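Here is the structure we will look at.
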2 protein chains.
Amino acid sequence: MARKTGSHSDITGPRVQQAALRLFARHGYAAVSMRQIAAEVGVQAGALYNYTPDKQSLLFDLMRGHMEDLMAERAARGGQGGPLARLEEFTRFHIAFHLERPDAVFVSYMELRNLEPKNFAVIEGLRRGYENELQGILEDGVAEGVFAVADPKVATLAVIAMLTGVTTWYRREGRLSPAEVGTLYWDMVRKAVAA
Amino acid sequence: MARKTGSHSDITGPRVQQAALRLFARHGYAAVSMRQIAAEVGVQAGALYNYTPDKQSLLFDLMRGHMEDLMAERAARGGQGGPLARLEEFTRFHIAFHLERPDAVFVSYMELRNLEPKNFAVIEGLRRGYENELQGILEDGVAEGVFAVADPKVATLAVIAMLTGVTTWYRREGRLSPAEVGTLYWDMVRKAVAA
DNA sequence: AGAGTATCTGAACGCGTGTTCAGTTCAATC
DNA sequence: GATTGAACTGAACACGCGTTCAGATACTCT
């Protein structure tokens with residue numbers, strides 16, 4: 001019988017995750033202490049252990065959650081249309097998705113080396129799946145003659161690096177909207193792989 | 001009167017830097033202790049302080065050295081020829097330079113947030129200078145009508161992100177030589193900004 | 001041989017770490 | 001109104017941190 005009112009766990013739990021994400025993104029996993037996270041939430045350090053078995057799980061759960069969101073949203077949009085249309089959709093989606101969650105993106109790309117090997121393998125597997133979708137689009141395009149890329153694997157990694165790089169400079173208060181950024185990048189991606 | 005033989009400082013000093021670079025690249029600045037660095041060199045932790053005033057300076061000196069190397073090598077190769085030739089030279093140089101120093105690159109891009117504000121400003125200034133060279137090439141190309149980029153600033157950051165991303169997947173033992181990688185990327189860069 | 005000094009050791013300093021846990025608080029239930 | 005149990009505190013644990021420094025070591029120079 002879970003209590004409905006007066007129970008804080010369904011409030012504190014997410015707040016722990018939020019605080020951890022924020023702090024990990026700003027200072028890095030290794031540089032953030034459990035006491036800092038607790039202070040941000042407004043509890044003592046010991047209370048965090050009602051919501052995570054340990055610090056490593058806090059990091060892993062954040063990264064797995066981010067990657068699963070990514071894959072789920074990707075699966076929701078079907079790969080419809082020809083390679084060019086699919087590539088445009090992928091490009092704009094990637095930009096929009098990443099600009100919406102700068103902290104999660106930052107943590108997921110920077111803290112891979114702080115994952116225990118087993119956890120690392122899980123995240124790496126999810127990422128590989130995401131990359132494979134782009135690679136499939138490029139390969140289809142090459143087969144149909146609409147794309148010309150000498151090495152689809154390298155092109156995949158190059159395009160993803162370029163797109164993800166947007167998170168390092170984009171600022172909400174800046175002169176460009178996410179959609180405008182998407183258009184700028186789509187223009188470059190399209191030309192880069194064009195036949 | 002510096003002693004020539006028997007003096008270890010000119011051996012230990014560089015070894016400290018090497019060890020710090022290796023460990024920072026693999027585990028991150030915050031996760032590496034002075035005792036770990038000392039163990040890698042084969043001395044006690046206290047001995048490190050003959051070669052650096054503190055841990056922060058160790059990081060800063062590594063990053064500054066890397067950026068200064070980058071700028072020096074860039075200055076050595078003049079910006080000769082038209083925008084297309086200069087862009088090709090820049091692209092191939094960037095790939096080759098970065099593939100030669102994976103550890104320094106990794107540290108310089110990942111540990112910016114662990115720099116004290118003053119040190120951060122120095123490194124950021126150097127990087128800005130490097131980016132400006134690429135931006136200048138793109139702007140010249142646009143002026144001459146050989147490039148078509150809607151936003152030179154964004155294009156600069158996009159190209160650099162794409163090129164630097166090569167360090168995340170390239171392995172010396174892999175199927176591609178640095179020169180081959182350079183050619184693959186140049187093909188994509190050239191098309192991405194072409195008029 | 002003796003003096004001088006660059007180099008390093010080993011112990012210590014105060015402090016922060018992740019984690020555990022007995023005990024307190026307090027709203028929901030009976 | 002008594003009981004229950006989830007949520008949390010506050011103190012403690014063993015340990016590692018960056019840094020300092022008096023003293024040992026090992027070498028060069030006179």
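A, B, ... follow the sequence lines: proteins, then strands. Residue 1 opens every chain. Quantities reported herein were computed from a predicted structural model and do not represent experimental measurements.
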Just how far, in rounded Å, is [atom2] of [N] from [atom1] of [X]?
X: B:Gln44; N: D:dT25; atom1: CD; atom2: P; answer: 15 Å
X: A:Lys55; N: C:dT20; atom1: NZ; atom2: P; answer: 15 Å
X: A:Asn114; N: C:dG18; atom1: CG; atom2: C1'; answer: 15 Å
X: B:Tyr29; N: D:dC17; atom1: OH; atom2: P; answer: 13 Å
X: A:Leu48; N: D:dG10; atom1: CG; atom2: P; answer: 14 Å

### Task
Among D:dC8, C:dC8, D:dT19, find the nucleotide with the atom closest to the side chain of B:Thr12.
C:dC8

### Nearest-neighbour nucleotide for the B:Tyr51 side chain, D:dG10, C:dC8, D:dG18 considered
C:dC8

### Sub-4.0 Å heavy-atom contacts from residues 31-42 of chain B onto DNA chain D, ordered by number
B:Val32, B:Ser33, B:Met34, B:Arg35

Heteroatom pairs (N/O) under 3.5 angstrom, protein to nucleotides 20-23 of chain D:
none

### Message
To check you understand the geometry: which heavy-atom pair defines the closest contact between B:Phe147 and B:Leu138, and what is its length?
### Response
CD1-O, 3.6 Å

### Task
Establish, yes or no, whether the cationic atom of A:Lys55 lies under 6.0 Å from the six-membered ring centre of A:Tyr29 and within 45° of the ring axis.
yes

### Message
Which label fits A:Tyr185 and A:Trp169: parallel for a plane angle under 30°, tilted from 30 to 60°, or perpendicular past 60°?
### Response
parallel

### Query
Is it true that B:Phe106 and B:His66 have ring centroids separated by less than 6.0 Å?
no

### Task
Apply salt bridge (charged side-chain N to carboxylate O under 4.0 Å, His left out) to the pair A:Arg101 and A:Glu73, showing each step before the final yes or no.
CA-CA 13 Å; A:Arg101 330 167 145 63; A:Glu73 286 223 32; 3.5 Å; yes

#### Entry: Charged N-O contact under 4.0 Å between A:Arg74 and A:Glu89
yes

### Query
What pairs of residues pass the salt bridge (charged side-chain N to carboxylate O under 4.0 Å, His left out) test when at least one of them lies in residues 185-195 of chain A, not counting sequence neighbours?
A:Asp187-A:Arg190

### Message
So if I apply the side-chain hydrogen bond (donor to acceptor under 3.5 Å, both in side chains) rule between B:Gln135 and each of B:Glu139, B:Glu131, B:Glu133, which one comes out positive?
### Response
B:Glu139

